[in-house]
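A short write-up of the structure that comes next.
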Amino acid sequence: MTPRRRVLAGIRRTIFAAGILTLVILALSGQDATNTLQQANSLEDENLTPEEKILEQIALAETEQRLIARRKFLAEKCAEEGLDRPGNDSLHRPNAWEFLVNKEYHLIWCNVFKAASTSWMYNFNLLAGYSPQFLKASKAVPVSLARQRYPRYTAEELAKFLNDSISFLIVRHPFERLLSAYRDKLEHSLPHTFHSNLGAHIVWHYRARDPKTNTRQGPRYPIFEEFVRWLLCQWKAGNDLDMHWTPVVNFCTPCQVRFDVIAKFETLHDDQDYVIKQAHVGHVIKPEWKNPTRGVQTKDVIKNYFTQLSKTQINDLYEMFSFENKKSYGAKFSEYGE
């Protein structure tokens, strides 16, 4: 064996040994991690080398530890706010209306709009039996196609399906999700659509007239500050909100429904890869992101938009989204309000 091959063989042995040690440590840290290791031993891709399989198992085990911490954090916050108790209002009973239940693959998803929803609506349509060719050619709205295969269940029926399924939702910082929805549905709205008409309504009621011309100057769509002013008025009046900016705590009721996986934008690739492997659906779907923001991404321009808002408006938005991981995200936007 040449010196170069001996070195490479040594490196592979080191990686293999380190991987085994890491897996043992993770296994000792909790029973859930042990379950992950047992499931990871039956990886679907048989083409991986032993070293690659070890690294894959390490990644899965680390993801499981992160998901355990998220479930624990959610349970603690739900208990603190009293949202884990059953009741008659919308926050204290499961909102089964928005869930998609795939009984064949035992996979349940609550569709949070503007949080990788396009990608996963496509995935759930694939899991429902639609072909990629059909989905590419179809002019139908993806959610309408999905509802032809996924009926809406009652809360009691959903609870039964949760017993033998993997349930997940994808969350995003509420301010990023709000801005993404604004840019997509209002700033880039197509003429004569629902959101284009909504934008015209907001401009009419929330944009001041130019005293010289007695007209409303500016773009045809509401600027972000006008949209936020309108939204906060709707929220304070107790009106129903558009599904694209309804708070997740109202939409998916995570304090009332058990979620196995709480995926986040910051770790989306690993989290959805974990879901796919745990559900054994890698032969049908892949972890991909099908709908990046048009033009520059939301995270790159968020400061430009939020500096339009006053401190009072930002504080009101915090209150509106007060249950959505406020302690995890709060400091990120505190500097933006004028």
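The figures that follow rest on heavy atoms only: side chains count, while hydrogens, waters and symmetry mates do not. Quick caveat: nothing in here was measured; it's all calculated off a predicted structure.
Side-chain atoms of L127 and Y150, non-hydrogen and from C-beta on, do get closer than 4.5 Å to each other. Contact annotation: the side chain of H173 never approaches that of F265 to less than 4.5 Å [non-hydrogen atoms, C-beta and beyond]. Two residues are said to be in side-chain contact when any heavy atoms from C-beta on lie closer than 4.5 Å; Y305 and T298 fail this criterion. Proximity of R152 to E98: side-chain heavy atoms (C-beta onward) are separated by under 4.5 Å at one or more points. When side chains are defined from C-beta on, M121 counts as touching N111, because their heavy atoms get closer than 4.5 Å. H195 has its side chain within reach of D242: a pair of non-hydrogen atoms, C-beta onward, lies under 4.5 Å apart. You'll find the side chain of H92 stays beyond 4.5 Å of the side chain of P86, heavy atoms only. Put simply, the side chain of V112 does not reach to within 4.5 Å of the side chain of V171, judged on heavy atoms.
A salt bridge between E176 and K303 is absent, with no side-chain N of the basic residue lying under 4.0 Å from a carboxylate O of the acidic one. Under 4.0 Å is where a charged nitrogen must lie from a carboxylate oxygen, and between E56 and K277 at least one such pair does.
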- Task: Begin from the C-alpha positions of R216 and D210 and carry the test salt bridge (Lys or Arg N to Asp or Glu O under 4.0 Å) through to its verdict.
- Result: CA-CA 6 Å; R216 294 175 177 84; D210 186 322; over 6 Å; no
- Message: Please determine whether side chain to side chain contact (heavy atoms under 4.5 Å, CB included) holds for the pair L178 and F321, giving the CA-CA distance in whole Å, both sets of side-chain angles, and the decisive distance to 0.1 Å.
- Response: CA-CA 10 Å; L178 179 66; F321 294 105; 4.3 Å; yes
- Would you please test F227 and Y206 for ring-ring contact (aromatic ring centres under 6.0 Å, His included) and show each step? CA-CA 8 Å; F227 163 68; Y206 289 85; over 10 Å; no
- Does the side chain to side chain contact (heavy atoms under 4.5 Å, CB included) test come out yes or no for T312 and N315, once each step is laid out? CA-CA 5 Å; T312 298; N315 288 335; 5.6 Å; no
- Task: Please report the C-alpha distance between D270 and D273 in whole Å, then the side-chain angles of each, then the deciding distance to 0.1 Å, and finally whether the side chain to side chain contact (heavy atoms under 4.5 Å, CB included) criterion is met.
- Result: CA-CA 5 Å; D270 290 342; D273 184 59; 5.6 Å; no
- Show the numbers, then the answer: is there a side chain to side chain contact (heavy atoms under 4.5 Å, CB included) between K53 and T49? CA-CA 6 Å; K53 286 187 177 182; T49 66; over 6 Å; no
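Screening residues 219-254 for disulfide (SG to SG under 2.5 Å) gives C110-C252 as the qualifying pairs, with residues at least two apart or on separate chains.
Grouping the Ile, Leu, Val, Met, Phe, Trp and Tyr side chains by contacts below 4.5 angstrom, directly or via other members, places L309 with I302. Linking Ile, Leu, Val, Met, Phe, Trp and Tyr whenever their side-chain heavy atoms come within less than 4.5 Å puts W245 and L317 in one cluster. Hydrophobic clustering keeps V203 apart from Y182 (ILVMFWY residues linked when any side-chain heavy atoms are closer than 4.5 Å, directly or through intermediates). Cluster membership check: I223 does not share its hydrophobic cluster with W230, using side-chain heavy-atom separations under 4.5 Å among Ile, Leu, Val, Met, Phe, Trp and Tyr. Linking ILVMFWY side-chain heavy atoms closer than 4.5 Å, directly or via other members, places M320 and L179 in a single hydrophobic cluster.
Contacts of E226 classified as salt bridge (Lys or Arg N to Asp or Glu O under 4.0 Å), with partners at least two apart in sequence or in another chain: R207. By the salt bridge (Lys or Arg N to Asp or Glu O under 4.0 Å) test, R66 is found to be paired with D271, residues two or more places apart in sequence or in another chain being considered. Qualifying salt bridge (Lys or Arg N to Asp or Glu O under 4.0 Å) partners for E225, counting only residues two or more places apart in sequence or in other chains: R229. Scanning for side-chain contact (heavy atoms from CB on, under 4.5 Å) contacts around P151 gives Y153, with sequence neighbours left out. Evaluation of the side-chain contact (heavy atoms from CB on, under 4.5 Å) rule for S167 yields I108, L162, R258, F259, D260 as partners, not counting sequence neighbours. In this structure, the side-chain contact (heavy atoms from CB on, under 4.5 Å) partners of H106, at least two apart in sequence or on a different chain, are D164, S165. With sequence neighbours excluded, no residue satisfies side-chain hydrogen bond (donor to acceptor under 3.5 Å, both in side chains) with R147. With sequence neighbours excluded, no residue satisfies salt bridge (Lys or Arg N to Asp or Glu O under 4.0 Å) with K103. With sequence neighbours left out, D84 forms a side-chain contact (heavy atoms from CB on, under 4.5 Å) with C78, A79.
Distance OG/S189 to CZ/R183: 13.5 Å, rounded to 0.5 Å. Once rounded to the nearest 0.5 Å, the distance linking CH2 of W120 with CG of L107 reads 6.0 Å. The CZ atom of F113 sits 8.5 Å away from the NZ atom of K185 when rounded to the nearest 0.5 Å. Separation of atoms CD (Q272) and OG1 (T267) is listed at 10.0 Å; rounding is to 0.5 Å. Taken from OG1 in T253 to CG in L169, the straight-line distance is 10.0 Å, to the nearest 0.5 Å. Atom CG of D89 is separated from atom CG of N250 by 9.5 Å, given to the nearest 0.5 angstrom.
Across all their heavy atoms, L186 and P222 have their closest contact at CD1-CG, 4.3 Å. Across all their heavy atoms, P191 and S196 have their closest contact at CA-OG, 3.9 Å. Between R177 and M243 the shortest heavy-atom distance is NH2-O, 3.2 Å.
In this structure a side-chain-to-backbone donor-acceptor pair under 3.5 Å is present from T193 to L190. In this structure, K160 contributes its side chain and E156 its backbone to no donor-acceptor pair below 3.5 Å. A donor-acceptor contact shorter than 3.5 Å is absent between the side chain of E319 and the backbone of I314.
Of the N and O atoms on the side chains of E62 and Y274, not one donor lies less than 3.5 Å from an acceptor on the other residue. Side-chain contact of T215 with Q217: a donor-acceptor pair under 3.5 Å is present, judged by distance alone. If you check the side chains of R172 and S117, you find no donor sitting under 3.5 Å from an acceptor.
Ring centers of F251 and W97: at least 6.0 Å apart, outside the cut-off. Here the two rings, on F99 and W109, have centers that are 6.0 Å apart or farther. A centroid separation of less than 6.0 Å is found between the aromatic rings of F224 and F306.
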Could you list the donor-acceptor pairs under 3.5 angstrom formed by side chains in residues 234-241, with sequence neighbours left out?
unit_1 : atom_1 : unit_2 : atom_2 : d
Q234   : OE1    : N239   : ND2    : 3.1
K236   : NZ     : D316   : OD2    : 3.0

Table please: side-chain donor-acceptor pairs of residues 128-146 below 3.5 Å, with sequence neighbours left out.
unit_1 : atom_1 : unit_2 : atom_2 : d
Y130   : OH     : L145   : O      : 3.0
S131   : OG     : F134   : N      : 3.0
S138   : OG     : A140   : N      : 3.1

